[in-house]
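In what follows, a structure is listed as structure tokens, so that the remarks can point back to it.
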Amino acid sequence: MSRSIIVEKTGVSSIGRLLGTVNLIIGLAIGILGSIVGIVNYIAYNSNGIFADIFASVGILLVGVVVYPLFLFALGWLYGALVAFIFNVVIGVSGGVELTVADEVAVAKR
């Protein structure tokens, strides 16, 4: 059994968190790969000594695994909040968006 509902407003912060989290996951994957490539390149093309290589590797790893994903989270949150805000304005003018949802019991019978 399905029924229709009308969405009249979305949560700006929740949409922002959703897109921010998606960006964070993508940024973490890219940051890990980029850190591996950056560390290998640094060690291969520089001969500053073992301690300099270790400190540089830790710095590259921190930027790739912490700073870059957090930056992408912030950008994703801002983008999501902006999209949700514009969506709310458009929904307010147009009268809402109709969605059809199914009850969980009806979905299980299929």
Side-chain angles (χ1 to χ4, degrees):
M1 181 175 146
S2 62
R3 58 188 169 97
S4 294
I5 60 171
I6 294 179
V7 177
E8 295 179 347
K9 186 177 180 182
T10 61
V12 172
S13 180
S14 67
I15 301 294
R17 280 192 314 266
L18 175 69
L19 289 178
T21 303
V22 169
N23 274 5
L24 182 123
I25 292 167
I26 292 169
L28 184 61
I30 292 171
I32 289 170
L33 291 174
S35 294
I36 292 170
V37 170
I39 290 169
V40 168
N41 279 333
Y42 181 83
I43 292 174
Y45 294 112
N46 292 310
S47 57
N48 297 332
I50 188 74
F51 291 113
D53 289 345
I54 290 172
F55 287 129
S57 298
V58 168
I60 292 170
L61 191 63
L62 284 176
V63 168
V65 176
V66 176
V67 175
Y68 185 67
L70 288 177
F71 177 72
L72 284 184
F73 175 82
L75 286 180
W77 191 93
L78 288 172
Y79 174 74
L82 179 66
V83 167
F85 176 76
I86 293 170
F87 187 73
N88 283 338
V89 170
V90 171
I91 281 181
V93 172
S94 68
V97 175
E98 184 177 344
L99 298 176
T100 302
V101 295
D103 294 327
E104 190 174 344
V105 176
V107 173
K109 290 181 182 179
R110 291 184 192 174

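Just so it is clear, the values below take in all heavy atoms, side chains as well, and ignore hydrogens, waters and symmetry mates. Residue numbers run from 1 in the order of the sequence given.
None of Ile54, Ile60, Asp53 except one satisfies the side-chain contact (heavy atoms from CB on, under 4.5 Å) rule with Ile43; the exception is Asp53. A side-chain contact (heavy atoms from CB on, under 4.5 Å) with Leu24 is found for one member of Leu72, Leu70, Leu19 and no other, namely Leu70.
Taking CD1 of Ile15 as the reference point, atom OH of Tyr79 lies at 11.5 Å (rounded to 0.5 Å). Note: Ser57 OG to Ile50 CD1 = 8.5 Å, rounded to the nearest 0.5 Å.
The hydrophobic clustering, which links ILVMFWY residues whose side-chain heavy atoms are closer than 4.5 Å, places Ile36 and Val58 apart. Residue Phe73 is not grouped with residue Phe71 when hydrophobic side chains (ILVMFWY) are merged at heavy-atom distances under 4.5 angstrom, including chains of intermediate members. The hydrophobic clustering, which links ILVMFWY residues whose side-chain heavy atoms are closer than 4.5 Å, places Ile26 and Trp77 apart. Residue Ile86 is not grouped with residue Val12 when hydrophobic side chains (ILVMFWY) are merged at heavy-atom distances under 4.5 angstrom, including chains of intermediate members.
Residues that satisfy the side-chain hydrogen bond (donor to acceptor under 3.5 Å, both in side chains) test with Asn48, not counting sequence neighbours, are Tyr42. Listed by chain and number, the residues in a side chain to side chain contact (heavy atoms under 4.5 Å, CB included) with Ile5 are Arg3, Leu99, Val101 (sequence neighbours excluded).
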CA sep, side-chain torsions, deciding dist, call: Val65, Leu28, side-chain contact (heavy atoms from CB on, under 4.5 Å): CA-CA 6 Å; Val65 176; Leu28 184 61; 3.8 Å; yes
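Closest of all the heavy-atom pairs between Gly11 and Ala84 is O-CB, 4.3 Å. Closest of all the heavy-atom pairs between Thr100 and Ser4 is OG1-OG, 3.7 Å. Across all their heavy atoms, Pro69 and Val63 have their closest contact at CD-O, 4.3 Å.
For Asn88 (side chain) and Thr10 (main-chain N/O), a donor-acceptor pair under 3.5 Å exists by modelled atom type.
At least one side-chain heavy atom of Val97 sits less than 4.5 Å from a side-chain heavy atom of Phe87. Leu33 is not listed as a side-chain neighbour of Val37, based on a closest heavy-atom distance of 4.5 Å or more.
Donor-acceptor pairing under 3.5 Å is lacking for the side chains of Arg17 and Thr21.
Taking Ile, Leu, Val, Met, Phe, Trp and Tyr as hydrophobic and joining them when side-chain heavy atoms fall under 4.5 Å apart, one finds Leu18 isolated, its cluster having no other members.
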